[in-house]
Chemist: 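Encoded as structure tokens, here's the structure I'll be asking about.
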Amino acid sequence: MVGRFERNKDLLQTAVESTATHVGRIATIITGAVVEITREIGDLVADGVEMREAAKKAEIDEGDLPEIDSPVDPEDHPGREFWAKREKN
């Protein structure tokens, strides 16, 4: 015959095992959701960057803005004097 202590121990053990299993499943669900949410946010930001770049390119094509990637003449660079002074010291 099983005593009261052993029944309570078995009940507690079963409850802890069940709880751990359910918590693990819930954690897996949450982890999957976080991964999906992160991916969607990343896609949203990428779409925004692409739209911004396309808008800038359209403005450049229309002649409203100067070319962004145009090379800068080193002689005209505003920091040239600063670095020239540093090289002398």
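Small disclaimer: the values here were computed from a predicted structure and weren't measured.
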Chemist: Rounded to the nearest 0.5 Å, what separation is found between the CD atom of Q13 and the CD atom of E6?
Modeler: 10.5 Å

Chemist: How far does CG of L12 sit from CD of E17, to the nearest 0.5 angstrom?
Modeler: 10.0 Å

Chemist: Flag yes if more than 12 heavy atoms outside K9 fall under 6.0 Å of its NZ atom; otherwise flag no.
Modeler: yes

Chemist: Mark yes or no for whether T28, through its side chain, and G24, through its backbone, hold a donor-acceptor pair below 3.5 Å.
Modeler: yes

Chemist: Distance from T31 atom OG1 to I26 atom CD1, nearest 0.5 Å?
Modeler: 11.5 Å

Chemist: Starting from I29, can I reach I37 by hopping between I/L/V/M/F/W/Y residues whose side chains sit under 4.5 Å apart?
Modeler: no

Chemist: Check whether any side-chain heavy atom of R4 sits under 4.5 Å from a side-chain heavy atom of N8, and report yes or no.
Modeler: yes

Chemist: Just how far is it from atom CD1 of I30 to atom CZ of R25, taken to the nearest 0.5 Å?
Modeler: 14.5 Å

Chemist: With rounding to the nearest 0.5 angstrom, report the CD to OG1 distance, E36 to T38.
Modeler: 10.0 Å

